[in-house]
Asker: 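What follows is a structure written as structure tokens; I'll ask about it next.
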Amino acid sequence: MRHVEISGKRLRLREVTLDDVDALHAVYGDPTATEHLPFDPRTREEVEEGVVEAIKAAEAEPRRLYVLAVTDVDGGEAFGVARLHIEADHPHSAEIGLGLRPDHWGRGIGTDLIRLILTFGFRHLRLHRIWGARSPANTAAQLAMLVAGMVEEGRIRHHVRARGAWRDSIVHSALEDEWEGHRDV
Ligand SMILES: CC(C)(COP(=O)(O)OP(=O)(O)OC[C@H]1O[C@@H](n2cnc3c(N)ncnc32)[C@H](O)[C@@H]1OP(=O)(O)O)[C@@H](O)C(=O)NCCC(=O)NCCS
């Protein structure tokens, strides 16, 4: 799918552009927002490289990577980012990731964003399975994924190397046939 734009009740997802670099840097470059992510805060240059790669990946055939800017439903400056990566060997399945600028936390936006990503993946991309991995300590991500209907399915031991130590991940997933009851965005 090309030129993605999908809206829920209060959020919109659209393709990232180079104009979003500062907005994405406010997430990926922020020590609080990256506390539970498996990488150190990124420089503006690193974020820009990521956006360039995402724009290139958007042209691939078949397309496997969607990096989408999160805005209010009316548009405006991005305050978050959502990623959906379709597995090459299992194209019915995709991994998601998300991040919001910290001044937008705690108002249910993360939960709404996950619902909107699930709607995009199941309804528009016709995926069967969507999963996400979080740090065991990431309570906000845990609650947002659970409330949006992504069940906890297990622990991957020493899944990532973060800040000089091994870290487990907790995997959540949603299946297309279970998702119907959660799709009110
Ligand atoms: C994870 C994230 C997207 C959640 O966004 P958010 O808008 O704050 O989430 P919500 O407001 O929908 O909150 C979800 C639940 O977590 C709770 N919560 C939010 N922040 C919390 C915190 N720091 N500690 C404990 N609970 C928290 C909320 O009360 C809510 O629970 P409720 O539905 O029972 O009220 C956001 O914290 C973020 O961008 N974090 C940095 C990046 C990241 O960790 N991404 C996830 C990787 S898996």
Side-chain angles (χ1 to χ4, degrees), residues 6-14 16 20-43 46-47 50-51 54 65-73 76-87 93-121 129-163 165-174 179 181-185:
I6 169 172
S7 298
K9 282 181 184 150
R10 62 172 168 172
L11 298 179
R12 180 178 294 176
L13 296 177
R14 59 155 174 80
V16 283
D20 296 314
V21 171
D22 287 327
L24 266 56
H25 185 231
V27 180
Y28 288 143
D30 184 281
T32 306
T34 52
E35 181 186 353
H36 297 298
L37 301 183
F39 52 82
D40 289 327
R42 291 183 174 153
T43 64
E46 288 170 332
V47 173
V51 172
L65 181 66
Y66 294 82
V67 181
L68 304 173
V70 183
T71 71
D72 282 334
V73 73
E77 194 197 359
F79 51 78
V81 57
R83 291 172 58 91
L84 183 148
H85 192 206
I86 298 172
E87 295 178 52
S93 173
E95 180 181 9
I96 61 167
L98 66 153
L100 296 173
R101 215 171 65 202
D103 61 340
H104 282 63
W105 293 3
R107 285 186 273 140
I109 295 175
T111 305
D112 276 2
L113 174 56
I114 294 167
R115 290 194 179 109
L116 195 53
I117 302 169
L118 295 180
T119 298
F120 171 60
R129 168 186 161 80
I130 296 176
W131 61 278
R134 65 167 172 88
S135 156
N138 195 345
T139 311
Q142 175 187 29
L143 291 171
M145 286 198 277
L146 287 175
V147 174
M150 298 185 76
V151 302
E152 272 187 27
E153 66 180 17
R155 177 180 288 255
I156 307 176
R157 296 186 303 152
H158 289 197
H159 183 214
V160 296
R161 182 98 185 150
R163 289 154 195 108
W166 295 111
R167 201 210 74 195
D168 296 355
S169 288
I170 307 295
V171 173
H172 290 242
S173 69
W179 161 75
H182 291 278
R183 65 193 179 93
D184 181 26
V185 290

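Order of listing sets the numbers, starting from 1, for every ligand and every atom in it.
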Asker: For atom 40 (N) of ligand 1, find the nearest protein heavy atom and state the residue, atom name and distance (0.1 Å precision).
Answerer: W105 CZ2, 3.3 Å
Asker: So which bit of P102 gets within less than 4.0 Å of ligand 1, heavy atoms only: side chain, backbone, both or neither?
Answerer: neither
Asker: Hey, are H36 and R134 close enough side-chain-wise for a donor-acceptor pair under 3.5 Å?
Answerer: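 On atom types as modelled, these side chains do not qualify, holding no pair under 3.5 Å.
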Asker: Report the part of D112 in contact with ligand 1, treating N, CA, C, O as backbone and CB onward as side chain, heavy atoms under 4.0 Å; options are side chain, backbone, both, neither.
Answerer: neither
Asker: Is there a polar contact, in the sense of an N or O pair closer than 3.5 Å, between T139 and ligand 1?
Answerer: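 It does not: no N or O of T139 is found under 3.5 Å from an N or O of ligand 1.
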Asker: So how far is it from T32 OG1 to D103 CG, rounded to the nearest 0.5 Å?
Answerer: 11.0 Å
Asker: Angle class for the F120/Y66 ring planes (parallel below 30°, perpendicular above 60°, tilted otherwise)?
Answerer: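 Perpendicular: the ring planes of F120 and Y66 meet at over 60°.
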Asker: Are there more than 12 heavy atoms of other residues, nucleotides or ligands under 6.0 Å from atom CZ of R157?
Answerer: no
Asker: Look at the side chain of H25 and the backbone N and O of V47, then say whether any donor-acceptor pair between them is shorter than 3.5 Å.
Answerer: no
Asker: Is atom 35 (O) of ligand 1 touching the protein, meaning some protein heavy atom lies under 4.0 Å away?
Answerer: no
Asker: Tell me the protein heavy atom at minimum distance from atom 11 (O) of ligand 1, and give that distance in Å.
Answerer: G108 N, 2.6 Å
Asker: Looking only at heavy atoms, what is the nearest atom pair of L13 and A82, with distance?
Answerer: CD2-CB, 4.3 Å
Asker: Take atom CZ of R83 as the centre, draw a 6.0 Å sphere, and report whether it contains more than 12 heavy atoms from other residues, nucleotides or ligands.
Answerer: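 No, CZ of R83 has 12 or fewer neighbouring heavy atoms, counting only those of other groups under 6.0 Å.
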Asker: Under 4.0 Å from a heavy atom of T111: give me the atoms of ligand 1 that qualify, with their elements.
Answerer: 10 (P), 12 (O), 14 (C)
Asker: Identify the two heavy atoms, one from V27 and one from A33, that lie closest to each other, and give their separation to 0.1 Å.
Answerer: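 Result for this residue pair: O-CB, 3.4 Å.
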Asker: Do me a favour and list the nearest non-hydrogen protein atom to atom 32 (P) of ligand 1 with residue, atom name and distance?
Answerer: V147 CG2, 4.9 Å
Asker: Strictly distance-based, threshold 3.5 Å: is any side-chain N or O of W179 a donor or acceptor partner for the main-chain N or O of G149?
Answerer: no
Asker: With respect to L100, determine whether any N or O atom, backbone or side chain, lies less than 3.5 Å from an N or O atom of ligand 1.
Answerer: yes
Asker: Under a 4.0 angstrom heavy-atom cut-off, which atoms of ligand 1 come close to R134?
Answerer: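 What qualifies from ligand 1 is 48 (S).
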Asker: Quick one: which ligand 1 atoms are inside 4.0 Å of a heavy atom on L98?
Answerer: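 This gives 3 (C), 42 (C), 43 (C), 45 (N), 46 (C) as the contact atoms.
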Asker: Do the rings of F79 and H104 sit parallel, tilted or perpendicular, given the 30° and 60° boundaries?
Answerer: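 F79 and H104: parallel rings.
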Asker: Going by the atom numbers of ligand 1, which of them fall below 4.0 Å from some non-hydrogen atom of A133?
Answerer: 48 (S)
Asker: If you have a sec, work out which protein heavy atom is nearest atom 47 (C) of ligand 1 and how many Å separate them, to one decimal?
Answerer: L37 CD2, 3.7 Å
Asker: Taking heavy atoms and a distance under 4.0 Å, where does R107 meet ligand 1: side chain, backbone, both or neither?
Answerer: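 Backbone only; the side chain of R107 stays clear of ligand 1.
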Asker: So for G132, does at least one of its heavy atoms come nearer than 4.0 angstrom to any atom of ligand 1?
Answerer: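 For ligand 1, residue contact (heavy atoms, under 4.0 Å) with G132 is absent.
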Asker: Would you compute the distance between atom CG of L118 and atom CG of L113 and round it to the nearest 0.5 angstrom?
Answerer: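 One gets 9.5 Å once the value is rounded to the nearest 0.5 Å.
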Asker: Which option wins on minimum heavy-atom distance to atom 7 (O) of ligand 1: P38, A144, G110, G97?
Answerer: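 Looking at heavy atoms only, G110 sits closest to atom 7 (O) of ligand 1.
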Asker: To the nearest 0.1 Å, how far is atom 16 (O) of ligand 1 from its closest protein heavy atom, and which atom is that?
Answerer: L143 CB, 3.4 Å
Asker: Among D168, I170, V171, which one satisfies side chain to side chain contact (heavy atoms under 4.5 Å, CB included) with I156?
Answerer: V171
Asker: Counting only heavy atoms on the protein side, is anything nearer than 4.0 Å to atom 29 (O) of ligand 1?
Answerer: no
Asker: What is the closest protein heavy atom to atom 42 (C) of ligand 1, and at what distance does it sit?
Answerer: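 Looking only at protein heavy atoms, the one closest to atom 42 (C) of ligand 1 is A33 O, 3.4 Å.
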Asker: Compare every heavy atom of V67 with every heavy atom of A54, then report the nearest pair and how far apart it is.
Answerer: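 In this case the closest contact between A54 and V67 is CB-CG2, 3.6 Å.
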Asker: What are the two closest non-hydrogen atoms of E46 and P41, and how far apart are they?
Answerer: OE1-O, 4.4 Å
Asker: Please state which protein non-hydrogen atom is closest to atom 44 (O) of ligand 1 and give its distance, to 0.1 Å?
Answerer: N138 ND2, 2.8 Å
Asker: What protein heavy atom sits nearest atom 22 (C) of ligand 1, and how far off is it?
Answerer: A140 CB, 4.1 Å
Asker: Considering only heavy atoms of G106, which atoms of ligand 1 have at least one such atom less than 4.0 Å away?
Answerer: 6 (P), 7 (O), 8 (O), 11 (O)
Asker: Test your reading of the structure: does H36 have an N or O sitting under 3.5 Å from an N or O of ligand 1?
Answerer: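 No, no N or O pair falls under 3.5 Å.
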